[in-house]
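I'd like to ask some things about the structure below.
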There are 2 protein chains.
Amino acid sequence: MEGKKILLVEDDPNFGAVLKDYLMINDFDVTLAKNGMEGFEKFKKDTYDLCILDVMMPYKDGYTLAREIREKNQEVPIIFLTAKTLKEDVLKGYKVGADDYLNKPFDSEVLLVKIKAIIQRKASEVKPDTNQFEFTIGKFHLNSKLRFLTFPGQEPIKLSPKECELLKMLALFENDLMPRELALTKIWRDDNYFTSRSMDVYIAKLRKFLKLDENVEILNVHGEGFRLLIKQ
Amino acid sequence: MEGKKILLVEDDPNFGAVLKDYLMINDFDVTLAKNGMEGFEKFKKDTYDLCILDVMMPYKDGYTLAREIREKNQEVPIIFLTAKTLKEDVLKGYKVGADDYLNKPFDSEVLLVKIKAIIQRKASEVKPDTNQFEFTIGKFHLNSKLRFLTFPGQEPIKLSPKECELLKMLALFENDLMPRELALTKIWRDDNYFTSRSMDVYIAKLRKFLKLDENVEILNVHGEGFRLLIKQ
DNA sequence: TTTTATGTTAATCTTTGGTTAATGTATTTT
DNA sequence: AAAATACATTAACCAAAGATTAACATAAAA
């Protein structure tokens, strides 16, 4: 549950700051945006596990923002914060794809319980895309669930979570460019100098493993990303 | 969604009847019980897709009933109806394993939306067959009802409830990953540092028992969970 | 040729898991 | 009621696994 990324969009700066601090104390990684516009910009730039949106905001209200977020991402859970308890609002929220509704003023402990319940629920749902976990990479076979990379006549190689996720993503883009930025935001959940270097380290590790099959190779596309090349 | 069975436990006969009718008009198959005692009797006699429990009831309140229901069945969704909005009550409800909370007076349309959302969610969850209680684990045989683990030429080993549940869950995932989080939420009903360590202690105990058969092993998948490996 | 991006190794830091034993807690036996 | 028991949780310590960072080397682009 630790380190889950939350996008908090709240126009009241005091309340926003307090709530952010409270969530961070409880081991969430919180990004605060002070209006709908900024919220959507931040949403596009990163990958979040949960969005908490204030309904009443100037320029762009919570519902509009939620609809925009849903266009980009059908999965991410959304919680609305609202002072209103009007039925139409609640129904409107559910229609836009809300996961829960919280009336202000609310108890922080209740919010925490709800957040945990929602994140846990989402985690246990079957995701159609991410569900594939068996890959053939040249003579190799990758099981990304058990994190095993097998090669005929060899003991299976155990992969670390990062090694495994990276190789899986390369395999999904087989022979095609896997953008650097994509791997960083999806796997490292952050895109900066250090995570970028970290990724390079992992590329080196994978190359070492993949040496067993001379027809498999990870190529760099300068400034763009990497390419898992599988010859013939 | 049609014909789903709902157990409605509500002591106010007027309100109960109205709600029952409303739900039946909306194609649910509703059984009404007028107190906790009767509710539990009816629950044991049939299989329901959802329970809607009033919190405030004479003799046996909704929480107590929910706990009893949870003992028999960890899966069935529970919605509480309550006039109170006290924080402790909400938290208590979630701890007992509630799926949602509704404050009276509530809007019937909202209730309907919630019911549908919850039933749909539960339907999409994968549930391993929890009724099975006989397992073959290599040369071992586990009876999870009597909590006996037998090995040819040995006195049967008596297992404690936790030992047994954990081994059973591992057996259900035989040779596949049993996610740590799943065992914690299902068996320990909580997922935190201490329950996690407690589980590790139980894994150690099970490993000790399983040593008798060198083809049976509990492997760890770092950060993910455990795997009951049964060789050939 | 100067800057920027990548390759690689090793050191350091962090998180997770294994194990034993002590402590807590409820139930049963005496 | 006290003692015994069975079981579960917590603590403590160590080991293993994994991730990041630093440092230096090399390659590609501006």
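On a predicted model such as this, the values are computed, not experimentally measured, just so you know. Numbers restart at 1 for each chain; the letters A, B, ... are given by sequence-line order, proteins then strands.
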First encountered from the 5' end of DNA chain D, between B/His222 and B/Leu159: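 The residue whose closest nucleotide sits nearer the 5' end is B/Leu159.
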Any A/Lys162 side-chain nitrogen or oxygen under 4.0 Å from OP1 or OP2 of D/dA17: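 No, because none of the side-chain N or O atoms of A/Lys162 sits under 4.0 Å from OP1 or OP2 of D/dA17.
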Length of the NZ-P vector between B/Lys158 and D/dA8, whole Å: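 So the two atoms are 13 Å apart, to the nearest Å.
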ring-ring contact (aromatic ring centres under 6.0 Å, His included) partners of B/Phe40, counting only residues at least two apart: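 Per chain and number, B/Phe40 pairs via ring-ring contact (aromatic ring centres under 6.0 Å, His included) with no residue.
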d(CD, A/Glu224; C1', D/dA27) in whole Å: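 It is 17 Å, rounded to the nearest whole Å.
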Nearest-angstrom distance from the residue atom CZ of A/Phe209 to C1' of C/dG7: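 The answer, rounded to whole Å, is 16 Å.
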Minimum side-chain heavy-atom gap A/Leu166-A/Trp188 below 4.5 Å: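 The answer is yes; the side chains approach within 4.5 Å.
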Pairwise distance CG(B/Leu142) to CG(B/Leu149) - rounded to 0.5 angstrom: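 Between B/Leu142 CG and B/Leu149 CG, I get 6.0 Å after rounding to 0.5 Å.
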Side-chain N,O (A/Ser198) to OP1/OP2 (D/dT20) below 4.0 Å: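 It does, given that an N or O in the side chain of A/Ser198 lies less than 4.0 Å from OP1 or OP2 of D/dT20.
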Geometric class of the B/Phe151/B/Phe140 ring pair [parallel <30°, tilted 30-60°, perpendicular >60°]: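 The rings of B/Phe140 and B/Phe151 sit tilted, inter-plane angle from 30° to 60°.
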Nearest-angstrom distance from the residue atom OH of B/Tyr202 to P of D/dC7: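 One finds 9 Å between P of D/dC7 and OH of B/Tyr202, rounded.
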Between P of D/dA19 and CD1 of A/Ile203, the distance in whole Å: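 These atoms are roughly 14 Å apart.
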Sub-4.5 Å side-chain heavy-atom contact between B/Tyr48 and B/Lys42: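 In contact.
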D/dA22 OP1/OP2 closer than 4.0 Å to side-chain N/O of A/Arg197: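 Looking at the OP1 and OP2 atoms of D/dA22, neither is under 4.0 Å from any side-chain N or O of A/Arg197.
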OP1 or OP2 of C/dT6 under 4.0 Å from side-chain N/O of A/Arg180: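 Indeed, a polar side-chain atom of A/Arg180 lies that close.
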Side chain of B/Arg207 - closest among C/dT19, D/dG18, D/dA29: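 Nearest listed nucleotide: C/dT19.
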Between C1' of C/dG18 and CG of B/Leu219, the distance in whole Å: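 Rounded to whole Å, this separation is 14 Å.
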Per A/Asp200 side chain, nearest of listed nucleotides D/dG18, C/dT8, C/dA5: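 Of the options given, the side chain of A/Asp200 lies nearest C/dT8.
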Phosphate contact (D/dA17 OP1 or OP2) by A/Arg147 side-chain N/O below 4.0 Å: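 A/Arg147 to D/dA17 OP1/OP2: no side-chain N or O under 4.0 Å.
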Backbone N/O of B/Gly62 and side chain of B/Asp54: donor-acceptor pair under 3.5 Å: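 Side chain of B/Asp54 to backbone of B/Gly62: no pair is present.
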Length of the CZ-P vector between A/Phe226 and D/dA27, whole Å: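 Those two atoms, CZ and P, are 16 Å apart.
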Closest listed nucleotide, where the reference is the side chain of A/Val201 and the choices are D/dC7, D/dT20, C/dT19: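 So the side chain of A/Val201 is nearest to D/dT20.
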A/Leu210 CG to C/dG7 C1', straight-line distance once rounded to whole Å: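 It is 15 Å, rounded to the nearest whole Å.
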Side-chain heavy atoms of A/Leu23 within contact of A/Ile52, under 4.5 Å: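 They are in side-chain contact.
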Any B/Lys205 side-chain nitrogen or oxygen under 4.0 Å from OP1 or OP2 of D/dT9: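 B/Lys205 to D/dT9 OP1/OP2: no side-chain N or O under 4.0 Å.
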Sugar-phosphate, base or nothing in reach of B/Lys208, heavy atoms under 4.0 Å: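 Since only primed, P, OP1 and OP2 atoms lie under 4.0 Å of B/Lys208, the category is sugar-phosphate.
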Contact list for DNA chain C against residues 187-196 of chain A - heavy-atom distance below 4.0 Å: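 Listed by number, there are none.
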Any side-chain donor near an acceptor of the partner, B/Ser160 and B/Arg147, under 3.5 Å: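 Absent: no donor and acceptor within the cut-off.
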Sugar-phosphate only, base, or nothing, as touched by A/Asn220 at under 4.0 Å among non-hydrogen atoms: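 Answer is sugar-phosphate: A/Asn220 comes under 4.0 Å of backbone atoms only.
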